[in-house]
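A short write-up of the structure that comes next.
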Amino acid sequence: MEEKTVGQILWERQVSRRDFLKFCTIMAGTLALPVGFGPQIAEALEKAKKPALVWLEYQDCAGCTESFLRANRPTVAEIVLDILSVNYHETIMAPSGKRAEKSLEDTIKEGGYLTVVEGSVPTKDDGIYCCIGGRTALDNLQEVAANTAAIITVGACAFYGGWPATPPNPTGAKGVQDVVSGVPIINLPGCPFNVDNLTATVVHYLTFGSLPAVDDLGRPLFAYGRRIHDNCERRGHFDAGEFVREWGDEGHRKGWCLYQMGCKGPITFHNCPTIRWNEGTNWPVGAGHGCIACSSPRFWERPAYETVPIHELTPPATYPEVKAAPEGPSPVATGVIGAAVGVAVGAAGAVAVRQLIKEGVEEEKEAEGEE
Amino acid sequence: MAKKIAIDPVTRIEGHLRIEAQVDGGQVTEAWSSSTMWRGLEIILKGRDPREAWLMAQRI
């Protein structure tokens with residue numbers, strides 16, 4: 001491990017104080033911490049020693065590696081990830097074969113490193129379906145896990161098994177938490193995962209010396225605590241009953257709600273709509289395809305193009321009556337339900353509903369106003 | 001004197017690869033490559049909704 005602190009490295013790389021503080025404030029925001037935590041993060045990061053990290057790839061597609069390599073927002077994030085001492089990463093490291101394995105062995109001997117795992121671990125037939133350096137992934141993972149400070153899983157595969165674990169799961173693929181115990185594990189699922197969440201997790205670790213708070217699936221709450229549907233820019237169209245019915249139809253061209261096309265936003269928890277991808281440019285729903293619930297366990301077993309039930313959001317009886325259209329639910333009728341649902345989850349929901357009744361305005365219009 | 005060498009893992013590629021080579025007097029006389037990871041997408045895709053094939057296949 002290098003003796004220089006992160007602060008010194010940033011100084012040498014001519015990262016301005018202003019950019020650094022800006023980054024720390026953004027990190028505080030990403031971690032859902034009060035803005036006041038920015039300076040605290042800055043202070044901790046400046047003093048932190050360059051942490052060692054090993055990145056293991058098992059049954060993976062390297063999609064999460066691609067996501068990792070695209071860390072570029074803000075520039076400091078790139079450097080913070082860069083100043084992690086990435087001692088082992090098959091896709092980007094220079095040495096091959098025995099020399100590569102030696103880098104891993106040396107790091108394991110030193111101990112206290114962070115481990116990132118990408119890809120599932122095959123367990124069938126003694127784990128022969130993924131071998132590195134002549135050893136099974138299972139073997140390799142157990143050895144690395146024995147001396148690591150924490151494991152961060154990236155992507156759906158390392159989380160629960162991902163698509164390799166889809167029935168009939170030919171290789172007995174499993175997630176890291178199903179084969180490793182006794183080590184702190186934090187999951188950053190997604191297909192691929194979003195690198196901003198890794199940056200934030202590492203920053204949290206360097207600032208507070210611990211991993212961020214997680215939900216019952218081991219996913220950090222700062223990134224997986226909010227429903228996609230509630231933060232979606234197409235939500236107004238859901239509330240107004242404006243749905244895409246067919247790929248390329250008028251609604252699709254106008255950017256209407258993708259719920260009827262099978263969007264899983266209503267059942268998926270991820271900060272995808274807010275942090276987005278490619279320098280915050282866009283995200284799948286923004287690009288015109290429904291969410292596939294890639295941050296949820298066993299999402300491949302859910303038909304991608306069938307609608308999901310919205311159990312939790314059924315409006316209670318105390319809300320204005322929803323009248324069905326004469327012949328089955330029409331887009332407008334669904335919109336009325338959507339309107340009630342939409343206001344039900346909003347903070348000013350009750351007020352808006354009262355307004356609705358009092359003024360007797362057109363529901364669709366009201367729902368859009370609410371959004 | 002012929003000897004056999006193995007390079008595993010081969011790095012800077014996407015996927016898992018092992019190369020074995022028979023070396024005789026500085027010349028490779030025979031070589032074998034093996035992909036050391038398998039997931040069975042062909043098996044998993046069978047019987048699934050064809051509209052989803054691209055979603056999975058793009059993730060190989």
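Each chain gets a letter, A, B and so on, in the order the sequences are listed, and its residues count up from 1.
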For chain A, which candidate among B/Arg18, B/Met37, B/Arg39 shows the most heavy-atom pairs at distances under 4.5 Å? B/Arg39
Can you find a heavy atom in the side chain of A/Trp163 that is under 4.5 Å from one in the side chain of B/Ile44? yes
At a 4.5 Å cut-off on heavy atoms, which part of A/Ala304 comes close to chain B: side chain, backbone, both, or neither? both
Residue by residue, which of residues 164-171 of chain A have a heavy atom closer than 4.5 Å to a heavy atom belonging to chain B? A/Pro164, A/Thr166, A/Pro167, A/Pro168, A/Pro170, A/Thr171
Give the ring-plane orientation class for A/His289 versus A/Tyr305, where under 30° counts as parallel, over 60° as perpendicular and anything between as tilted. perpendicular
Walk me through whether A/Glu66 and A/Arg70 qualify under salt bridge (charged side-chain N to carboxylate O under 4.0 Å, His left out). CA-CA 6 Å; A/Glu66 292 285 348; A/Arg70 272 153 190 71; 2.9 Å; yes
Could you check whether atom CD of B/Gln58 has more than 12 heavy atoms from other residues, nucleotides or ligands sitting under 6.0 Å from it? yes
Say whether, by atom type as modelled, one donor and one acceptor occur between the side chain of A/Ser296 and the main chain of A/Thr268 under 3.5 angstrom. no
What residue in A/His89, A/Glu57, A/Lys98, A/Arg99 has the most heavy-atom pairs under 4.5 Å with chain B? A/Glu57
Can you tell me which portion of B/Ile13 sits under 4.5 Å from chain A's heavy atoms? Options are side chain, backbone, both or neither. backbone
Under 4.5 Å to a heavy atom of chain B? For A/Pro303 that would be both
With only heavy atoms counted, which part of B/Leu41 is less than 4.5 Å from chain A, the side chain, the backbone, both or neither? both
What residue in B/Ser34, B/Ser35, B/Gly40, B/Pro9 has the most heavy-atom pairs under 4.5 Å with chain A? B/Pro9
Are A/Asp60 and B/His16 side-chain neighbours, meaning at least one heavy-atom pair lies under 4.5 Å? yes
Does any part of the side chain of A/Trp55, heavy atoms only, come nearer than 4.5 Å to the side chain of A/Thr65, both counted from C-beta? yes
Who among B/Asp8, B/Val10, B/Asp49 has the most heavy-atom pairs with chain A under 4.5 Å? B/Asp8
Need one label for A/Cys191: side chain, backbone, both or neither, based on atoms under 4.5 Å from any heavy atom in chain B. both
Any B/Arg59 side-chain heavy atom under 4.5 Å of A/Trp300 side chain: yes
Pairwise side-chain hydrogen bond (donor to acceptor under 3.5 Å, both in side chains) hits with a residue in residues 121-148 of chain A, at least two apart: A/Tyr58-A/Asn140, A/Thr115-A/Thr148, A/Asp125-A/Tyr129, A/Arg135-A/Glu143
Is there side-chain contact between A/Thr307 and A/Gln260, with at least one heavy-atom pair below 4.5 Å? yes
